[in-house]
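Here is the structure we will look at, set down as structure tokens.
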Amino acid sequence: MLRRVLSAPLRSLNRFASSASFDFNPVLLHDIAPADGPPSSGTVTSEEAIKYYTQMQTIRRMELKADQLYKQKVIRGFCHLYDGQEACCVGMENAIEGTDDVITSYRAHGWTYVRGIPVKEVLAELFGRDLGCARGRGGSMHMYADGFYGGNGIVGAQVPLGAGLAWNQKYTNNGGISISIYGDGAASQGQIFEAYNLSKLWKLPAIFVCENNQYGMGTSVDRHSASTEFYKRAGYIPGILVDGMDVVAVREATKWAKKFVLENGPLLIELKTYRYHGHSMSDPGTSYRTRDEVQSMKKTLDPITGFRKRCIDAGLLTADQVKSIDKEVKKLIEAETGEALSSPEPSMDGIAHNIVKGGFSKKKSIFSLNGVIASLSFSSHLERKKRHSPNRYRPRSLSKSDLATLTAHMSTTSTCKRASRASSGVTSYLLNQQKICESQFPSTHLRNP
Amino acid sequence: MIGVTRKTARALLSRGVNATAGSTRTHMHFKFQPDDAPAELGATEKTNMCNAIKSAIDIQLARDESTIIFGEDVKFGGVFRCTDGLMDKYGSDRVFNTPLCEQGIAGFGIGAAVAGACTIAEIQFADYIFPAFDQIVNEAAKYRYRSGNEFDCGKLTIRSPCSAVGHGAHYHSQSPEAYFAHTPGLKVCVPRSPIQAKGLLLSAFEDDNPCIVFEPKILYRAAEEQVPVGHYKIPLGKADILREGTDMTMLSWGTQVHVAREVAGIVEEELGISIEVIDLVSIAPWDRETVCNSVSKTGRCIITHEAPITCGFGAELQATITSDCFFDLEAPPARVCGLDTPFPHVHEPFYMPTKWKLIQAVKATMDA
């Protein structure tokens, strides 16, 4: 006993172990024999410990940064944060290859990062800047990467897509799989059951993952689902329930699951996890659950602190190492935020990019014709007939000062910087359009009557 | 994805409080212009559109015991607070939540309506109505027709927040009225104000056909008027002439009506053009008579809406006006609408049919 007491503090000062075995909560099984189920422990090396800890901490800091910037109105629109759920994406990512496909819901920042997009591109996408991974066009819910198909705004819509990705993996036969992630709220969507049937019928290597964070927006699982055993919901597809707050448990389950689906067809994994923020940045997250509940989850089940403690106890990491990782991550986030903030906004004509490949025909360029000025189509009409009734108003063209007055009229009603930037963009755009008009039919414009 | 506006979050924190003022919008592309309620409708109260809608639903739940209202988060008050307090008042067997399943919501609603309950189904955002599209188009719209009038789901009303809100991006800003107008058997309307919203909803609840009411969500708090407190109906299928004019007719609905009104004011002041502004109110069926009479009078027409221009409802209006009023037209009818892109994220200010684009179109049409 004395030796144990003496060695305990020593272990936390000096790293002794290069690897350790972690046990975790037993995995519940549906339609799988207990002997065939995933393991109940996993080995973590010290390198892996550093990696997982760094990844999770980076995601946590990135999400908290996004929270801060949203409150400063640098990020606008919708923003669904992943903090609390880091173990899910980090655990899964470290069990699969880059050639495996992943598709998830709108709570996508963590997955975007682990799938290879640097923090600055994630943040720039949130800011709507050109440096963003979708060039600022998609925002929080639409981030993509190699082998990562987003980022999807419509709840549950990503799951049939994931079945399609699995089909492709089977067809190309490179030993890859697809992982389709959805939340507990989405589990009630009809199209998910369609995806289950397709993948089971065609024996696709698809892992369906329900990231059960206990709440579908503001509705707890028992109030929105007749059955809260999400891993059993697919019936004829085997399922496992895994502790989603334990990164090693998630990793081991995913490793096992990949082998399973390549041999047996689809599998359903329910990851029991928790989100600290509300559903989105507009949801305080405390009207349907108590602050105490959130705090107690943070204290007792936090994936990062839990993993840290276990690694330190096992001698994989020292407290100093952890401190220095924390510092590095903090520095990284600050640096990446700065870089993302200094990236320019996408250009105005970018609005018309990437709608249809091959674009529109020259005459009907959307930006100049559709929806803005009909007069460009008047040209041939005007050649044929010009009607001016003396009683009708004879307009003068909008001079630059008119436009300036009208723009000032608009700017005084706007308090947002972006709007006034937009208005100057629109002014110059309108002036440009007016020039086009005037060059087309100069004789119809009366200047300064 | 199922986001909640910041104002609603504040409302969530201060439940039961009329969350009207307090938070300022950073930039709105329009300025809401209130109307007066007709005097014969009796006493009025200053109400915003969200509370006017709540009042309509409240009145309907009181006068018809078979009425039920449901949708995602409807029970606790709805993400826009339009059903706040109704569950406490009428019980959770009449005001209840559904899980996340739009197709299920629509289908279930159709079933309940066919069986005879006055059914109000809420689709949380109009952008999410597409899983329900099959049920609405293939079941609801065709029920009476295919059963030879044996059955119908006239008691179904679907209400859904729509249109741009400033930061909604792809999936919280769409205006899908044109998709449904294309389906015979449905009635579709878009209120521009609290008075309209309450009256149209009360009409839709009693109408013998399945109705869809698309409520512009940006108006929920921004629009405040003196709304009659009692029961009243605004007829479906009737357009509203908001401002008389002689030079041009401007035709719109929903939020865009206020942009049109503002433009009419600006061009009258700055350029001396007199514009007749018409709110179409009802998309299906639409008031052909009022519109064509107006265009025949003025000789020019601009149609403006937020939805993308190609096959937006403006296309139907433009085609009909051209064919019916051809010999009275001084200039081709024009459309100033959203661009043919998915509703953008960062580029929203350039997508929208702003007053500047409208003014330019007015000028160009007058020039022709």
Side-chain angles (χ1 to χ4, degrees), chain A residues 76-78 106 128 136-139 141 153-156 185-186 188-191 216-219 223-225 279-280 282-284 287 345-346 348 350-352 355 366-367 370-375 377-378 381-382 387 393 395 398 402 406 414-416 419 422 426 430 433-434 437 444-445, chain B residues 1-6 8-9 12-13 24 26-27 31 73 76 97 99-101 103-104 128 131 167-172 247 266 270-273 308-310 330 332 334-342 344-347 349-351 353-354 356-357 359-361 363-368:
Chain A
R76 296 196 72 220
F78 297 96
Y106 45 81
R137 305 295 202 278
M141 298 194 278
I154 299 296
V155 171
S188 304
Q189 276 280 321
Q191 51 193 324
M217 200 158 82
T219 311
R223 291 200 299 125
H224 72 57
S225 281
H279 162 78
S280 71
S282 307
D283 170 21
S287 53
E345 283 187 345
M348 201 165 78
I351 193 175
I355 300 169
I366 3 165
F367 207 49
N370 285 3
V372 184
I373 304 171
S375 58
S377 67
F378 289 0
H381 164 84
L382 286 167
R387 283 222 259 152
Y393 167 73
L398 280 175
D402 290 335
L406 297 171
S414 76
T415 53
C416 171
V426 172
L430 284 173
Q433 288 298 323
Q434 183 170 311
C437 275
T444 63
H445 283 250
Chain B
M1 178 215 61
I2 310 170
V4 173
T5 64
R6 244 197 311 283
T8 315
L12 276 169
L13 290 170
T24 42
T26 45
H27 171 68
K31 192 173 179 302
D73 297 302
F76 95 106
N97 279 346
L100 227 159
C101 46
Q103 189 170 23
Y128 313 158
H167 52 265
H170 316 99
Y171 301 119
H172 296 81
D247 291 324
I266 292 173
E270 306 265 343
L271 305 169
I273 306 176
I309 188 169
T310 297
E330 301 280 329
R335 286 180 290 167
V336 179
C337 309
L339 304 178
D340 279 333
T341 79
H345 174 231
V346 188
H347 289 108
F350 306 120
Y351 166 92
T354 57
W356 314 116
K357 295 183 185 178
I359 291 170
Q360 192 78 339
K363 213 199 70 65
T365 309
M366 293 302 301
D367 268 0

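Throughout, protein chains are lettered first and strands after them, A, B, ... in sequence-line order, and every chain is numbered starting at 1. In what follows, every heavy atom counts, from backbone to side chain, and hydrogens, waters and symmetry copies are set aside.
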- Can you tell which of A:Gly350, A:Gly156, A:Gly218, A:Ser225 has the highest number of heavy-atom pairs within less than 4.5 Å of chain B? A:Gly350
- Item | B:Phe350 versus A:Met348, closest heavy-atom pair with distance | CE2-SD, 3.1 Å
- Top residue by heavy-atom pair count (under 4.5 Å) with chain B, among A:Gly216, A:Ala186, A:Gly77, A:Gly190? A:Gly77
- Note on the structure: Given B:His170, B:Lys31, B:Gln103, the one with more heavy-atom pairs under 4.5 angstrom with chain A than any other is B:His170
- At what distance, to the nearest 0.5 angstrom, does OH of B:Tyr171 lie from CD1 of A:Ile154? 6.0 Å
- Message: Give me the atom names and distance for the closest heavy-atom approach of A:Ser188 to B:Cys101.
- Response: O-CB, 3.6 Å
- Query: How long is the span from the CG atom in B:Asn97 to the CZ atom in A:Arg223, to the nearest 0.5 Å?
  - Reply: 6.0 Å
- Query: Which atom pair, heavy atoms only, marks the closest approach of A:Gly136 to B:Val346?
  - Reply: O-CG2, 2.8 Å
- Closest non-hydrogen atom pair between A:Arg76 and B:His345, with its separation: O-NE2, 4.3 Å
- Where do B:Asp340 and A:Ile355 come nearest, in terms of heavy atoms and distance? O-CD1, 3.4 Å
